[in-house]
There are 2 protein chains.
Amino acid sequence: MSKRIYIADDDANIRFIIGSFLKNEGYQVEEFESGDALYERFLAVPCDLIILDIMMEGRDGLTICAKLRESHSVLIIIVSALDSELDRITGITLGSDDYLVKPFSPVELVARVKALFRRVDLDRKVVSADILVVGDMRINVKSRDCWIDQKKVDLTPTEFALLTYMFQHADQAVSRQQLLKHVWGVEWDADTRATDDILKRLRKKLVDSRVKVESVWGFGFRLAVENEHEKSEK
Amino acid sequence: MSKRIYIADDDANIRFIIGSFLKNEGYQVEEFESGDALYERFLAVPCDLIILDIMMEGRDGLTICAKLRESHSVLIIIVSALDSELDRITGITLGSDDYLVKPFSPVELVARVKALFRRVDLDRKVVSADILVVGDMRINVKSRDCWIDQKKVDLTPTEFALLTYMFQHADQAVSRQQLLKHVWGVEWDADTRATDDILKRLRKKLVDSRVKVESVWGFGFRLAVENEHEKSEK
DNA sequence: AACAACTGCCACAGATTTGCCTAGATTTGT
DNA sequence: ACAAATCTAGGCAAATCTGTGGCAGTTGTT
């Protein structure tokens with residue numbers, strides 16, 4: 001299965017060069033002019049690796065990077081023209097898996113990309129993805145328990161199934177139909193607010209977490225990580 | 001059961017970076033400003049792995065490392081800004097299991113952590129080809145006997161088979177279906193609570209052990225080791 | 001044949017879960 | 001600003017789940 005890579009850089013030249021090299025290696029590449037465009041696309045169709053320039057208009061790369069990392073474990077390579085140690089640290093802090101300073105050789109980039117994929121493929125073989133992490137929460141599918149940081153949270157069967165599904169679709173808007181189908185196993189058009197009920201109870205148990213179940217008016221719900229930064233913006 | 005990791009570094013930035021990455025991998029992470037603080041905490045609640053900066057005020061990392069190693073077999077990764085060969089040798093001699101020189105990439109650290117866990121988990125499995133150990137109990141699959149500490153426990157055939165299966169899936173939630181299939185060899189959807197019955201009897205025989213059969217409401221059961229420390233935290 | 005051990009089933013009580021209902025708050029569109 | 005649609009929160013009762021003790025059928029042993 002070919003890996004999917006997204007690139008965001010406002011310099012069309014760079015995009016093209018990086019893109020060509022990666023396509024040459026057999027990767028499925030999509031290019032974006034801005035981090036926001038990439039983020040949009042990612043929510044619709046997730047990819048395996050992201051290459052982000054941190055110097056872009058709009059929300060900068062680091063913000064996007066942080067946003068992605070709150071609820072997804074996609075690989076991220078940060079690219080920057082700045083070579084200050086500060087930026088290196090900040091970039092890494094926000095969760096990038098690797099960091100490259102411009103100008104860099106495309107060969108170098110390709111090497112890093114391959115190295116990252118090698119690493120995760122190795123992990124996948126040994127450690128199956130039993131543990132799902134979103135923000136400050138994690139659930140272990142095998143042992144069937146759920147944690148907020150260090151605190152264990154007791155969940156009922158339906159709550160657990162629902163939360164697992166939401167974790168797997170973090171940041172995506174999920175419709176009631178979808179939930180009924182995948183969590184309840186109901187295929188027909190059930191006219192029920194059962195989903196709301198479980199979510200209502202789930203919300204109570206998540207008050208201490210930064211992970212929140214938002215409601216998408218007239219549609220369904222979305223799992224989101226409350227962010228200090230955004231909170232102050234509101 | 002998720003692994004518990006303690007980090008001691010006087011640089012809050014580094015602590016945060018390392019912490020975030022490890023949390024993202026599903027580990028239970030706690031951060032400490034000094035080696036002494038970590039040591040205190042460790043005595044109260046042991047962990048599986050420790051990441052220590054050796055350049056800290058107070059008792060330095062190496063001393064703590066030696067201290068920890070006197071009586072415990074916890075995994076230790078030493079982190080240092082020094083790149084002298086001398087320090088490397090000393091650190092390893094004093095019992096650390098791995099050694100990283102700053103600046104290092106978080107990715108590298110995560111990889112090493114996983115590698116260490118992989119190694120010890122592998123060891124445990126190999127040793128226990130026909131002797132399974134969980135907490136203060138062990139069962140010998142070949143001689144078909146079972147011990148709590150030094151005391152032998154008599155088990156009936158079904159009890160033994162069931163316990164063996166639970167030992168092989170320690171810390172995991174196991175459904176009744178699963179038990180019926182693997183212990184009884186029943187494939188169809190049996191509506192029976194035979195599993196509950198055997199476990200009921202098994203539980204009585206395990207009262208003196210720290211190993212407990214928990215029930216996972218609406219799902220099945222889970223074998224867990226009752227932990228003094230976690231108990232007190234509740 | 002008598003006996004003991006093992007195992008599955010039943011019924012019951014207590015606890016937990018869950019869907020629904022209703023009233024009040026919130027959002028949207030005109 | 002107002003009406004209609006949608007969401008939230010509390011309470012309730014039916015349904016479900018679990019632990020317990022008792023019981024009976026089967027198996028193997030003396």
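Chain letters run A, B, ... following the sequence lines, proteins first and then strands; every chain starts at 1.
Remark: B/K200 engages B/D197 in a salt bridge (charged side-chain N to carboxylate O under 4.0 Å, His left out) (not counting sequence neighbours). Scanning for salt bridge (charged side-chain N to carboxylate O under 4.0 Å, His left out) contacts around A/D208 gives A/K151, with sequence neighbours left out. When the salt bridge (charged side-chain N to carboxylate O under 4.0 Å, His left out) test is applied to B/R112, the partners found at least two apart in sequence or on another chain are B/D98, B/E108. The ring-ring contact (aromatic ring centres under 6.0 Å, His included) check on A/Y27 picks up A/F117, with sequence neighbours excluded. Partners of A/R193 by salt bridge (charged side-chain N to carboxylate O under 4.0 Å, His left out), not counting sequence neighbours, listed by chain and number: A/D196.
Between B/R15 and B/E33 there is no salt bridge, since no side-chain N of the basic residue sits under 4.0 Å from a carboxylate O of the acidic one.
Of all heavy-atom pairs between A/K152 and A/W147, the closest is N-CE3, 3.8 Å. Of all non-hydrogen atoms in B/G135 and B/V133, the two that sit nearest each other are O-CG1, 4.1 Å. Annotation for A/A170 and A/H72: closest pair O-CE1, 3.2 Å, computed over non-hydrogen atoms.
Counted by atom type alone, B/D136 and B/S209 present one or more donor-acceptor pairs between their side chains at under 3.5 Å. If you check the side chains of A/S34 and A/D36, you find no donor sitting under 3.5 Å from an acceptor.
Five base pairs at each end of the helix from C/dA1-D/dT30 to C/dT30-D/dA1 define two local axes, and these are offset by 30° (rounded to 10°).
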*Under 4.0 Å protein heavy-atom contact, by nucleotide of nucleotides 22-30 of chain D - B base, S sugar-phosphate only*: B--------
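When heavy atoms are screened at a 4.0 angstrom cut-off, B/R193 is found touching base atoms of the nucleic acid.
One interatomic measurement links the two molecules: CD1 of A/I198 to P of D/dA9, which rounds to 15 Å at whole-angstrom precision.
The CG atom of A/D145 sits 9.0 Å away from atom CG of A/L155, with the distance rounded to the nearest 0.5 Å. With values rounded to the nearest 0.5 angstrom, B/E214 atom CD is found 8.5 Å from B/D171 atom CG.
A close approach under 4.0 Å does occur between a side-chain nitrogen or oxygen of B/R176 and OP1 or OP2 of D/dT18.
Near DNA chain C, meaning a heavy atom under 4.0 Å away, the residues from residues 153-169 of chain A are A/T156, A/P157, A/T158. Only A/V216, A/W217, A/G218, A/F219, listed by number, bring a heavy atom of residues 216-223 of chain A to less than 4.0 angstrom from any atom of DNA chain D.
Residue pairs that meet the ring pair (Phe, Tyr, Trp, His ring centres under 6.0 Å) test with at least one member in residues 204-223 of chain B, sequence neighbours left out, do not exist here.
On the nucleic acid side, DNA chain C has its first and last nucleotide under 4.0 Å of a heavy atom of chain A at C/dT17 to C/dT28, going 5' to 3'.
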Per-pair distances, 0.1 Å, donor-acceptor, side chain in residues 157-165 of chain B, under 3.5 Å, sequence neighbours excluded:
| residue | atom | partner | partner atom | Å |
| --- | --- | --- | --- | --- |
| B/E159 | OE1 | B/T156 | N | 3.0 |
| B/E159 | OE1 | B/T156 | OG1 | 3.4 |
| B/E159 | OE1 | B/K205 | NZ | 2.8 |
| B/T164 | OG1 | B/F160 | O | 2.7 |
| B/Y165 | OH | B/Q178 | NE2 | 3.1 |
| B/Y165 | OH | B/H182 | ND1 | 3.3 |

